[in-house]
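Hydrogens, waters and symmetry mates play no part in the numbers below; they use all other heavy atoms, side chains included. The chains referred to below are lettered A, B, ... by the order of the sequence lines, with proteins before strands, and numbering in each begins at 1.
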There are 2 protein chains.
Amino acid sequence: MPVTIEDLSKTLGLSRSTISKALNDRGDVSSRTRERVLKAAHELGYQPSAAARNLRRQRSDKIGLVVNYPIHQVSDFLAELIPGLATSAEEAAYNLILYTSMAGNETRITNLCRSREVDGIIVAWPPRLSETAALYRLMSDERMPHIVLPRRVPHDDVSYVAADHKEGARLLTAHLISLGHRRIGFERLPEVFETDHDRHAGYATALRQGGINYDPALVIAADSSADDYEARTFNTLMDLPQPPTAILFFTDPVAIKVLSLAKARGIRVPDDLSITGFDGVLSSGVTEPALTTVRQPLPQMGRLAVESLLRLIADETVEPQQHTLPVELIIRRSTGLHIRT
Amino acid sequence: MPVTIEDLSKTLGLSRSTISKALNDRGDVSSRTRERVLKAAHELGYQPSAAARNLRRQRSDKIGLVVNYPIHQVSDFLAELIPGLATSAEEAAYNLILYTSMAGNETRITNLCRSREVDGIIVAWPPRLSETAALYRLMSDERMPHIVLPRRVPHDDVSYVAADHKEGARLLTAHLISLGHRRIGFERLPEVFETDHDRHAGYATALRQGGINYDPALVIAADSSADDYEARTFNTLMDLPQPPTAILFFTDPVAIKVLSLAKARGIRVPDDLSITGFDGVLSSGVTEPALTTVRQPLPQMGRLAVESLLRLIADETVEPQQHTLPVELIIRRSTGLHIRT
DNA sequence: GCAAGCGCCGAAATCGATTTCGGTGAGAAT
DNA sequence: ATTCTCACCGAAATCGATTTCGGCGCTTGC
């Protein structure tokens with residue numbers, strides 16, 4: 001139904017090749033002919049068929065965003081990430097295709113690579129390491145450019161864009177220490193392997209720098225698959241013989257939930273207990289008290305991921321793109337001075 | 001580089017047609033041959049080229065999500081919408097392609113239609129009516145199935161999925177009336193034409209049902225392009241000789257901002273003033289006090305939009321799909337009894 | 001006047017699938 | 001033995017572009 005290059009060819013009395021060359025500014029076409037072609041193309045409303053073009057050029061000008069995680073658990077982040085991803089892709093004449101239900105399914109990722117439906121893949125929130133080393137090899141084998149977001153990957157040859165979680169945790173901890181806290185609780189989430197590892201390292205570094213001994217009792221490994229896991233971490237810590245005076249929680253939503261748990265237990269924040277979140281999601285700013293937290297520069301991370309991926313697409317010999325972006329400490333009202341007793 | 005149907009053909013000594021028919025379960029192929037083909041396809045890692053397939057079948061199994069609005073202004077909603085959209089699309093073996101920077105650009109939408117890159121289009125947050133009547137005609141002319149989300153459209157022949165804003169405003173207003181309020185402020189946002197109109201109608205209906213006179217002084221038309229427009233609405237109303245005892249704000253974020261404005265003016269919520277938001281975004285639940293609001297069923301709306309669009313794609317003679325979904329009143333702590341003085 | 005050079009255009013191959021339609025061989029019917 | 005079916009398979013057309021390469025006509029150089 002739509003007008004094809006063949007239609008143009010007939011009405012103009014020119015060959016398809018000439019039309020194509022004129023429209024793409026390639027090859028030998030006199031300027032007079034080019035004008036004629038352009039004019040006719042506009043008048044007839046010609047637009048090349050994407051499929052035909054893709055088939056011939058062996059590229060799709062599309063980037064796949066593979067969300068490798070239950071999507072409603074990361075939609076908050078997606079909201080901040082997608083604008084950056086989509087706009088910078090479109091500036092480069094690419095578009096984003098969403099793939100949300102192929103978590104951990106290697107067959108489907110393989111098929112995606114082989115179908116050449118996309119020119120490159122952004123892997124968002126890869127599952128735990130053990131399951132993914134194979135994933136990256138798989139994409140490499142299929143020669144599909146790819147980049148991981150927003151987590152770092154402990155392989156020299158895999159590209160990623162991540163935030164500096166170690167520094168984030170260090171900043172939060174140092175902030176608490178500067179407020180006079182010395183017993184600082186720390187929530188771990190071992191399932192997000194590298195992130196957890198980095199944050200814990202930052203926490204330990206800050207303690208060392210502050211001359212505070214590391215107390216294992218203050219470090220709780222949570223299990224986000226258990227219900228009410230937020231309460232468990234909180235209660236375990238507060239039921240300690242010597243409870244902490246400040247706690248770093250793993251995410252803002254957890255800290256927000258703890259805000260009401262604390263109120264229910266009659267614990268005032270920040271007077272009795274300082275708490276911090278992580279990530280700097282929107283809602284962390286409107287709680288009472290507002291959360292002290294660390295913000296990942298998600299919009300920039302999105303831009304950078306796209307730019308790096310495009311570089312990998314353009315030149316497959318380019319070195320792996322590994323970026324760790326600085327985070328920003330946001331001090332709000334959920335952290336306060338600790339008055340020694 | 002990837003293995004093609006021709007490779008399969010060579011290694012099996014069968015024609016391409018037979019291979020294709022075997023793989024797609026079409027036409028006459030003996031079960032013995034089919035098995036051979038399937039086995040070889042699996043062993044060689046054959047996956048059909050998306051481009052070739054699209055070209056021949058004249059369809060792409062892709063749905064375009066055209067975000068016709070500054071994307072970072074709607075990313076909150078996108079976060080709740082996209083999971084529903086993406087997963088239900090993928091259940092039907094479709095994928096979502098994002099287009100975020102073609103707001104109001106008819107040429108680019110036309111080109112998208114003509115390139116047949118997508119089989120259907122979801123138009124999210126269409127700009128004001130006057131600019132879009134042409135848009136819908138354009139897509140119809142190009143025979144591109146399309147559906148508008150999440151706003152209704154005043155054309156009988158355009159499909160849409162929207163929430164019942166009229167009922168939402170009526171519920172909120174009736175709730176306030178039942179709490180004893182009689183002077184109820186109402187913020188309008190004329191630029192979101194139909195939505196504003198519907199909500200205002202719901203507000204008026206509730207007043208009438210409650211036997212309360214409509215007072216034009218209590219209805220403020222805001223202009224979201226002005227900075228601090230939240231403060232303007234709020235101050236205008238509270239500076240009235242007889243200020244309202246309750247106000248309906250147009251969105252949750254506005255109401256949240258007003259929460260702190262009120263505190264700054266020494267106005268207690270809900271003791272001195274009840275306020276409500278609209279939309280039920282995540283952060284509305286964590287403020288102090290938490291917001292009474294109305295929730296649009298965004299996940300279901302996303303599902304329904306996809307399902308309806310697929311119906312339009314499958315059968316272009318099907319009647320326009322117009323859905324208005326019920327909303328849910330969420331009563332929280334920002335609204336309270338009004339004690340007559 | 002003839003060869004070489006150059007600007008411009010077109011025929012045909014190609015990308016990788018799907019689909020139509022005709023042909024072949026084995027078995028059944030006469 | 002000949003014809004008719006019918007199951008199965010393949011040749012070729014098709015989808016709509018891009019790209020290579022060769023050829024034609026005209027100018028330039030000698």
When you check the phosphate oxygens OP1 and OP2 of [N], does a side-chain N or O of [X] lie under 4.0 Å from one of them?
{"X": "A:Arg26", "N": "D:dT19", "answer": "yes"}
{"X": "A:Ser49", "N": "D:dC15", "answer": "no"}
{"X": "B:Tyr46", "N": "C:dG16", "answer": "no"}
{"X": "A:Ser20", "N": "D:dT19", "answer": "no"}
{"X": "B:Gln47", "N": "C:dG16", "answer": "no"}
{"X": "B:Arg57", "N": "C:dA17", "answer": "no"}
{"X": "A:Thr18", "N": "C:dC9", "answer": "no"}
{"X": "A:Thr4", "N": "D:dG16", "answer": "no"}

Atom-to-atom span, CZ of B:Arg32 to P of D:dA7 - whole angstrom: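 In whole Å, D:dA7 P and B:Arg32 CZ are 18 Å from each other.
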Report which part of the nucleic acid A:Asn54 touches: base, sugar-phosphate, or nothing (heavy-atom distance under 4.0 Å, all strands).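 Answer is nothing: A:Asn54 stays at 4.0 Å or more from every strand.
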Using heavy-atom distances to pick each residue's nearest nucleotide on DNA chain C, tell me which of B:Ser17 and B:Ala52 is more 5'.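 On the 5' side of the pair lies B:Ala52.
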As a test of understanding, state which of B:Arg116, B:Arg137, B:Arg114 forms a side-chain hydrogen bond (donor to acceptor under 3.5 Å, both in side chains) with B:Glu142.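 The single option meeting the side-chain hydrogen bond (donor to acceptor under 3.5 Å, both in side chains) with B:Glu142 is B:Arg114.
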N-O pairing of B:Glu91 and B:Arg303 below 4.0 Å: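 Looking at B:Glu91 and B:Arg303, the cut-off is met.
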Do A:Arg143 and A:Glu316 sit within salt-bridge range, that is, some charged N less than 4.0 Å from a carboxylate O?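 Yes.
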Measure from the side chain of B:Ser30, starting at C-beta and using heavy atoms only, and say which of C:dA17, D:dC9, D:dG16 lies closest.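 The listed nucleotide nearest to B:Ser30's side chain is D:dC9.
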